Amino acid sequence: MNINLPNFNMKNLVREAGSTISRVVQLTEEKLGTTERTEYDLHFQNLAERADVTKSWTEKIVRDTESVLIPNPQNRVEDYIFEKIEKSRPKRLSNLEHLALDMIEAGGDFGQDLPYGQALIKVGQAEQKLGQCEHDFIATSGICFTQPLRKFLDGEMKTITKERGILETKRLDLDACKNRVKKARSMLGQQSKDGISPEAALEQAERDLRVAQAEFDRQSEITKLLLDGISTSQASHLRHLHAFIQTQVRYYKQCTDVMDQLQRELAKMGPAKPRLRINSEDVDGPPSAMQSCDSETNSIVELDSAHVELDLDDDGSAQFSAIDMGQAKALTHLLEDFDIDFDTSAITTV
């Protein structure tokens with residue numbers, strides 16, 4: 001029976017195993033502080049630090065933005081899975097759209113000819129428009145902001161991380177070669193070991209050192225170029241941020257327009273009457289009763305746009321807290337509209 005085995009290059013396998021062991025020994029000695037290590041120059045350290053900060057904050061910004069756009073974490077995970085398998089996201093109703101459907105259905109059951117039913121239907125239709133605006137905002141924000149930032153993390157930043165790892169490996173190899181050169185020089189003048197003279201061992205160690213130094217320098221330049229490119233990426237991120245803000249401005253303006261239109265439509269249906277509370281009981285009153293004109297200042301004085309509270313004693317006298325003169329006059333007109341007789345001297349003005 002013929003068994004086809006992969007063709008292994010034993011020399012390369014042994015060489016890689018030896019290099020791995022050498023790196024582990026070098027890293028262990030560095031951790032223990034028993035050997036020296038090659039330090040990166042200050043410029044490279046600054047670039048590497050900036051890359052780490054950029055990666056960390058970009059991940060947080062993307063994560064926080066997605067939390068704002070899609071608050072439900074289960075939906076975010078579902079959308080992420082569909083993106084990975086390159087399928088469109090599932091369409092789901094937002095909370096606003098659920099509210100809109102319930103309001104429209106309730107308005108129909110209560111009666112479209114009744115004010116409350118009509119108002120519920122109007123509000124439900126407006127909530128539907130808000131829900132559609134929200135869908136458009138989420139989709140546009142993903143295209144113009146979160147997706148480009150995530151692409152940067154999955155592409156350029158991963159490449160930088162990979163090249164930095166390779167550079168660290170080259171650095172360990174370089175320091176291991178430096179230690180072998182030191183050891184070979186310390187062996188000069190001694191007897192040959194394993195049939196290799198100290199001079200030959202030193203020559204081989206120095207040759208390996210030159211190769212390791214060249215590979216380290218080459219990888220260092222490659223990594224520096226990638227790290228320098230982060231400045232260009234941040235300029236691109238700034239453009240994406242501007243686009244995101246423009247999307248937000250457009251979204252909130254659309255929402256404001258929808259609510260303004262709804263408010264006008266509800267106003268045409270007839271405003272709710274203000275109420276006056278007397279001895280903890282609500283009494284309907286005319287809308288004009290909630291404001292009065294101050295003839296001295298020629299200005300409108302409003303008394304609580306929702307209600308005015310007034311306590312009457314058993315003898316019919318009214319109890320007020322201290323109010324200013326304009327509010328006192330407005331309250332006088334208000335109570336006259338409700339046909340309530342009282343002694344205006346009971347009002348204390350400040």
Side-chain angles (χ1 to χ4, degrees), residues 3-59 152-234:
I3 300 177
N4 294 323
L5 296 176
N7 295 322
F8 288 109
N9 190 322
M10 292 302 298
K11 290 184 177 180
N12 290 338
L13 184 62
V14 171
R15 187 182 300 110
E16 288 296 329
S19 299
T20 302
I21 295 174
S22 176
R23 293 164 190 160
V24 171
V25 172
Q26 176 65 29
L27 184 61
T28 302
E29 291 178 349
E30 289 178 359
K31 295 295 183 181
L32 297 175
T34 58
T35 188
E36 298 180 358
R37 57 166 292 169
T38 300
E39 298 293 343
Y40 300 112
D41 60 78
L42 184 60
H43 177 60
F44 182 89
Q45 293 180 20
N46 292 334
L47 291 176
E49 182 179 356
R50 186 180 63 172
D52 292 337
V53 172
T54 300
K55 179 176 181 294
S56 176
W57 280 113
T58 303
E59 289 174 343
F152 162 76
L153 293 172
D154 294 339
E156 184 175 346
M157 190 52 66
K158 279 190 176 181
T159 301
I160 291 175
T161 302
K162 176 183 176 181
E163 295 299 328
R164 287 178 66 183
I166 296 175
L167 177 62
E168 182 65 11
T169 299
K170 299 298 183 182
R171 202 261 320 158
L172 290 172
D173 291 342
L174 175 61
D175 288 339
C177 289
K178 289 180 179 179
N179 289 332
R180 284 198 295 270
V181 169
K182 290 181 180 179
K183 184 178 179 181
R185 286 176 178 172
S186 65
M187 298 293 293
L188 291 176
Q190 299 183 11
Q191 293 183 350
S192 300
K193 185 177 182 180
D194 298 331
I196 302 176
S197 66
E199 291 77 9
L202 176 59
E203 183 180 354
Q204 180 63 41
E206 289 177 342
R207 187 182 303 112
D208 293 342
L209 176 59
R210 287 191 295 270
V211 173
Q213 184 69 57
E215 292 181 353
F216 172 79
D217 293 340
R218 174 178 169 276
Q219 185 61 35
S220 179
E221 291 301 320
I222 293 175
T223 308
K224 279 183 179 181
L225 290 175
L226 292 173
L227 292 174
D228 281 329
I230 291 181
S231 299
T232 304
S233 298
Q234 288 185 348

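Bear in mind the structure is a predicted one, so any value in this text is a computation, not a measurement.
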When rounded to the nearest 0.5 angstrom, what distance separates [atom1] in [X] from [atom2] in [Y]?
{"X": "Lys182", "Y": "Leu209", "atom1": "NZ", "atom2": "CG", "value": "10.5 Å"}
{"X": "Thr38", "Y": "Lys178", "atom1": "OG1", "atom2": "NZ", "value": "3.0 Å"}
{"X": "Leu202", "Y": "Arg180", "atom1": "CG", "atom2": "CZ", "value": "12.5 Å"}
{"X": "Asp52", "Y": "Leu47", "atom1": "CG", "atom2": "CG", "value": "11.0 Å"}
{"X": "Phe44", "Y": "Glu49", "atom1": "CZ", "atom2": "CD", "value": "12.5 Å"}
{"X": "Ile160", "Y": "Ser233", "atom1": "CD1", "atom2": "OG", "value": "7.0 Å"}

Side-chain contact, heavy-atom cut-off 4.5 Å: [X] with [Y]?
{"X": "Glu206", "Y": "Arg185", "result": "yes"}
{"X": "Lys224", "Y": "Asp41", "result": "yes"}
{"X": "Asn46", "Y": "Arg50", "result": "no"}
{"X": "Arg207", "Y": "Arg210", "result": "yes"}
{"X": "Glu203", "Y": "Glu199", "result": "no"}
{"X": "Ile166", "Y": "Ile222", "result": "no"}

Quick one: closest heavy-atom pair of [X] and [Y], and the distance?
{"X": "Gln45", "Y": "Tyr40", "answer": "NE2-O, 2.7 Å"}
{"X": "Asp228", "Y": "His43", "answer": "OD1-NE2, 4.1 Å"}
{"X": "Gln219", "Y": "Leu167", "answer": "CG-CA, 3.5 Å"}

Salt-bridged, [X] to [Y], with N to O below 4.0 Å?
{"X": "Lys170", "Y": "Glu163", "result": "no"}
{"X": "Glu215", "Y": "Arg218", "result": "no"}
{"X": "Glu168", "Y": "Arg164", "result": "no"}

>> Any side-chain to backbone donor/acceptor pair from Thr161 onto Met157? Under 3.5 Å, distance only.
In response: yes
>> Between Ser186 and Lys183 (side chain of the first, backbone of the second, donor and acceptor by atom type, cut-off under 3.5 Å), is there such a pair?
In response: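 Confirmed, Ser186 side chain pairs with Lys183 backbone.
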